[in-house]
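One structure is given below, encoded as structure tokens.
Chain identifiers are assigned alphabetically (A, B, ...) following the order of the sequence lines, protein sequences preceding nucleic acid strands; residue numbering begins at 1 within each chain.
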Protein chains: 2
Amino acid sequence: MKRVTIGDVATHAGVSTATVSRVLNGGLVAESTAARVWESAESLGYSPNALTKSIFAGRSSTIGVVIRDLSSPFYLDLIRGIDEVAAANDSPVMLANTYRRTDREAAQVQAMDQQRVRGLVITADETADNHARRMAENGTPCVIIARTAPGLHSVSLDDVAAGRLMAAHLGDCGRSRVGVLSGRHRPTQVKRAEGLRQGLSERGLPQPEEVLVENEDEVDGAVGSLLRRNDTVVCTTGRLTVSVHMALTHRGLGIPDDVGFLTMDDFPWASTLGISVVTQPSYEMGRRAAELIVEEPATPARIVFQPTLIARGSCGSGA
Amino acid sequence: MKRVTIGDVATHAGVSTATVSRVLNGGLVAESTAARVWESAESLGYSPNALTKSIFAGRSSTIGVVIRDLSSPFYLDLIRGIDEVAAANDSPVMLANTYRRTDREAAQVQAMDQQRVRGLVITADETADNHARRMAENGTPCVIIARTAPGLHSVSLDDVAAGRLMAAHLGDCGRSRVGVLSGRHRPTQVKRAEGLRQGLSERGLPQPEEVLVENEDEVDGAVGSLLRRNDTVVCTTGRLTVSVHMALTHRGLGIPDDVGFLTMDDFPWASTLGISVVTQPSYEMGRRAAELIVEEPATPARIVFQPTLIARGSCGSGA
DNA sequence: GTGAAAGCGCTAACAT
DNA sequence: ATGTTAGCGCTTTCAC
């Protein structure tokens, strides 16, 4: 039950703890000694204590990731990108899901700080920013996703461009009566809607009708009201794709014949369902975020990625 | 840049480090002293070092979770259950995704061991068992999901019952020519197929035709061959649901009129698509797994959960 | 090439 | 009620 320590290995191999440490970390040791030490470590089942190691370095080698919603494909790919870079740098990744609960976000960021993570990638709203900024001031590189925040690195999407991409596609498909559904108060979605408006107006198309929802319960009603005056529904967040789609099909509407549908972020069932989307290069965004942590640039970086359209016919044919 | 330590706080407050420690951890301290210490801690921006705390306790308070596939809804709900119990016990959760790569599974388990996690929940195949068993012997409670393993706790589904549930539903819907698609070598899926065979034979229905696949590329071909002699396709793993469904619809087959479809594990789009599934109580399973870690029962526990059928019409009407 | 010893930030007896 | 002291497991000078 008592853990095997470096001291036990030292005794077993008949050397000092310093020597064992050197062997384990590749210092200057005689071949024969090293062999003996490895053997002892092996036979005693020694497993180095990463905690004590970190206490020395002042911080651990772990990269922390605080995610608002693990069930979102966007975040899943983002994480994959982070994992990839972390693995290449021998950094374990500590992932925490906050389930979109603001209080948990702040708490998780603090927990990560207390774990003395090497760096932190956060997707959270403004509440956690203060904690993150303090961490950054203490020398822990923090990368915020999908937003910018003073003093923190940021990796985000060109949201206005995403909106314009949507407008362009709608224009190509001859859709002009557009209803937009967005989450309330979310800066990214505000910008996407803004880009959409810009794009539509540049094409001489009427401005879209916009409705904001707080959570999924409100989607069905919101979609219903949009349908009164529009033939196309645009959703500015992948999170609500399922609900919006359901609101449409429940009404017996066919896509794209009865109503056009366009949303954000690709997902596994999209191709089966023939849903067109504007996607973010989430995997690459994750990689870049992790790289910022590894590279520790001196000044806050602001990295912006470009969106892509995947047309699958849910707005009709892009003649 | 230099981190604020308990010593700094002590100096600032004019007390000893012991007193600060007591204040922070709720020992016996005079009101006035405590107030002064809190104030100092606050003004210096002190953040306790969880690493050094753990080194003392011998292990950290973190619960480790190694997941083979974060993109699976089953695992997502499992994690939610774990998170819930962990949060209630003030345990941070360290999540690692292995992307179904066996080498990463073993590596991640070892990494968790080195982080001296309080306990470990694993979904991995046999390769990682040795490491986990060693951890268990060293006093770290390990819970394995969806399998049993000597010396480890286990939380799993009654897979045979799941198969029988499928058989019962197929029987109710009058489906008798059943083709089964399973992942190769996976014990859970073998048992589900076995339950299916039992259930069908008890109902006097013909035995199903079974085909095994290694990965997603093979699904389309496998489904094609099943369709030659069957009017219903059963999938024993939620992981392949998308691929199988696509293989069906790509052929222009209507569900359930041209072909019946039944699969494992519920997912967000299932209700929209009208796909019937047999589900596991994944959230509860996660809770139970985390509870085992918190409670540390002396002998390995073997917890088995029962599956449920959600009929949505993809096998026809359950007359 | 190897060991002795100091110390990382913190906690827990043991004094006072 | 508070300070002193001795470690926890490990790394890292600094001698030998």
Practice task
Check whether the side chain of B:R22 and the base of D:dG3 form a donor-acceptor pair under 3.5 Å.
Solution key: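 Between D:dG3 and B:R22, which were checked side chain against base, a qualifying N/O pair under 3.5 Å is present.
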
I want to check one thing: is the phosphate of [N], taken as OP1 and OP2, less than 4.0 Å away from some side-chain N or O of [X]?
| X | N | result |
| --- | --- | --- |
| A:T19 | C:dG3 | yes |
| B:S16 | D:dG3 | yes |
| A:T33 | C:dT2 | yes |

Practice task
Give one of base, sugar-phosphate or nothing for A:V20, where a contact means two heavy atoms less than 4.0 Å apart.
Solution key: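 No contact at all - A:V20 keeps every heavy atom at 4.0 Å or more from the nucleic acid.
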
Taking atom types as modelled, find out whether [X] and [Y] have a side-chain donor-acceptor pair closer than 3.5 angstrom.
| X | Y | answer |
| --- | --- | --- |
| A:S91 | A:R118 | yes |
| A:R116 | A:S54 | no |
| A:R186 | A:T237 | no |

Handout entry: B:F56 side chain, from C-beta outward: closest of D:dG7, D:dG3, C:dG9
Key =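 Minimum distance to the B:F56 side chain belongs to D:dG7.
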
Problem - Selection from C:dT11, C:dG3, D:dC10 that lies nearest to any side-chain heavy atom of B:K53 - result: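 Comparing C:dT11, C:dG3, D:dC10 against the side chain of B:K53, the answer is C:dT11.
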
Exercise for the section: With DNA chain D as reference, determine whether A:I55 or A:A18 sits nearer its 5' end, using the nearest nucleotide of each. Expected result: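 Its nearest nucleotide being more 5', the pick is A:I55.
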
Handout entry: Heavy-atom check, side chain of B:I293 versus side chain of B:V121, under 4.5 Å
Key =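 Contact flag for B:I293/B:V121 side chains = yes.
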
Exercise for the section: Specify the separation, in whole Å, of atom CG of A:N25 and atom P of D:dG9. Expected result: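 Atom CG in A:N25 sits about 17 Å away from atom P in D:dG9.
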
Exercise for the section: To the nearest Å, give me how far apart CD (B:Q114) and C1' (D:dC10) are. Expected result: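 Taking CD of B:Q114 and C1' of D:dC10, I get 13 Å after rounding.
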
Handout entry: Pairwise 5' ranking along DNA chain C for B:S21 and A:T52, keeping only the more 5' one
Key =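 Comparing both residues, the 5'-ward one is A:T52.
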
